[in-house]
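In what follows, every chain begins at residue 1, and chains take the letters A, B, ... in the order their sequences are listed.
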Amino acid sequence: MRILFAGTPATAADSLRVLRDRLAGGDHEIVAVLTRPDAPLGRKRVLTPSPVAAAAGEAGLPVIKAARVDDDVRAQLADLDLDVAVVVAYGALVPAAALDVPRHGWLNLHFSLLPAYRGAAPAQRAIIDGLTGTGASVFALRTGLDTGPVYGTVTAPIGPDDTAADLLAALTVSGTGLLADVLGGLADGTARATEQDGEVTLAPKLTLEDGLLDWSHPAAALDARSRGVTPEPGAWTTLDGQRVKLGPVRDAARPDLSGVKVPPAPEPGLVAAHGRSVLVGTGDGAVVLSTVQPAGRTPMPAADWWRGAQHGQEVRLGRREW
RNA sequence: CGCGGGGUGGAGCAGUUCGGUAGCUCGCUGGGCUCAUAACCCAGAGGCCGCGGGUUCAAAUCCCGCCCCCGCAA
């Protein structure tokens, strides 16, 4: 089959590499890659190709850079005589007019068990919600947000220390494998899609605000949230009006941390050292800090930060005094 | 010219406003104490204060130029 791969971020680039390996030597060929245009990146605003564009370049695949699938892009795709297009986080909606350009339409690899967690940040939201497992789905693109019929799913556990990065990495590999299987099924006519069934939930893109830790919340919730927003957009709090970025925080009451005895838990937001751990009080107990990164500084172990942060004063995080 | 923070022994920081002997909390090395310890006591090593110019009797500190790191934003 002649396949178009559409994607933009690093996760999609990994998926492209995995898919290419999976298809190597078979009857299927990725004939082109669609990704978003180069964008200014970083403080210096250097125009940088998307991770997918970079991966495609390494693989020697032709790249179409476009912010939207407009008439011009649609014409290019039509010329490619595509059997199918696959989308992994392209970053723009595929308009209805383009949906039937490939012979078998468009497939989307989505990192949830649909119809749960439709939207841009499904894996992250699953972690934040404290789930112990989630999965990936391959479905047929239709108009509407992640609403098409599902060809297949894989499941994945969410470990107690898993961050969004960990989960995405795992889902990328297993999900791309699933994608390869579905492509095979489409080619030999055995693939079947079934309409989504179940409770619909939404997983919108994470904002900076989603990473703000509210110390009045329960320790377990803060633990889950901090992992779900790591590495993007990152968990954070404030100290003296300055943003302080945090690595994942762990619920001090978790069984696997039984070594950490929490004396009277500090009140919410108050920092206290205990042995080698640095604790922060929450709504119901304490969390253990892992890494701390004050604005303008490089990330450091919590104990190192604590050493220099005290100056004889009590340290209270997250106070909105600004 | 997008906005902003930072670079000081191995780590994290103070000192820069107002120039005048390199400081704190740790770590490290050696010794002591202890049944023992992430505890405690004593001693010690370790620093072109990011780089280059300038001002000055004197610069971590003031002036000019440059390099590197990071937060926000995109």
First encountered from the 5' end of RNA chain B, between A/Asp304 and A/Gly296: A/Gly296
Nucleotide paired to [N] in any strand shown, Watson-Crick or G-U, under 3.5 Å:
| N | result |
| --- | --- |
| B/C35 | none |
| B/C48 | none |
| B/C13 | B/G23 |
| B/C1 | none |

What interatomic distance, in whole Å, is found between [atom1] of [M] and the corresponding atom of [N]?
| N | M | atom1 | result |
| --- | --- | --- | --- |
| B/C28 | B/A11 | C1' | 11 Å |
| B/C40 | B/C48 | C1' | 38 Å |
| B/G7 | B/G12 | C1' | 14 Å |
| B/C13 | B/C3 | P | 26 Å |
| B/G53 | B/A59 | C1' | 14 Å |
| B/G9 | B/U25 | C1' | 14 Å |
| B/G23 | B/C33 | C1' | 29 Å |
| B/U61 | B/A14 | C1' | 14 Å |

Qualifying residues under side chain to side chain contact (heavy atoms under 4.5 Å, CB included), relative to A/Pro268, sequence neighbours excluded: A/Trp215
Side chain to side chain contact (heavy atoms under 4.5 Å, CB included) against A/Ile128, all qualifying residues, sequence neighbours excluded: A/Leu206, A/Arg225, A/Val229
Roughly, in whole Å, what's the span from [atom1] in [X] to [atom2] in [N]?
| X | N | atom1 | atom2 | result |
| --- | --- | --- | --- | --- |
| A/Arg297 | B/G4 | CZ | P | 18 Å |
| A/Trp305 | B/C70 | CH2 | C1' | 17 Å |
| A/Glu209 | B/A73 | CD | C1' | 15 Å |
| A/Leu239 | B/G71 | CG | C1' | 15 Å |
| A/Gln242 | B/C70 | CD | C1' | 13 Å |
| A/Trp306 | B/U25 | CH2 | P | 15 Å |
| A/Leu289 | B/G12 | CG | P | 17 Å |
| A/Trp236 | B/C70 | CH2 | C1' | 17 Å |

Closest to side chain of A/Met300, choosing from B/G71, B/G12, B/G7: B/G12
Side chain of A/Leu208 - closest among B/A73, B/G7, B/G12: B/A73
Distances under 3.5 Å between nitrogen or oxygen atoms of protein and nucleotides 27-29 of chain B:
none

Under 4.0 angstrom between A/Arg243 side-chain N/O and B/C72 OP1 or OP2: yes
Candidate pair A/Asp129 and A/Tyr117, rule side-chain hydrogen bond (donor to acceptor under 3.5 Å, both in side chains), full reasoning: CA-CA 11 Å; A/Asp129 289 344; A/Tyr117 296 109; 2.6 Å; yes
Enclosure of A/Arg17 CZ (heavy-atom neighbours >12, cutoff 6.0 Å): yes
Flag if over 12 foreign heavy atoms under 6.0 Å of CG, A/Asp79: yes
A/Ser50 and A/Thr8 side chains, donor-acceptor separation under 3.5 Å: no
A/Thr172 and A/Ser15: side chain donor to acceptor below 3.5 Å: no
Carboxylate-amine/guanidinium proximity below 4.0 Å for A/Lys65 and A/Asp38: yes
Reported CG-to-CG distance for the pair A/Asp27 and A/Asp188, which is rounded to 0.5 angstrom: 10.0 Å
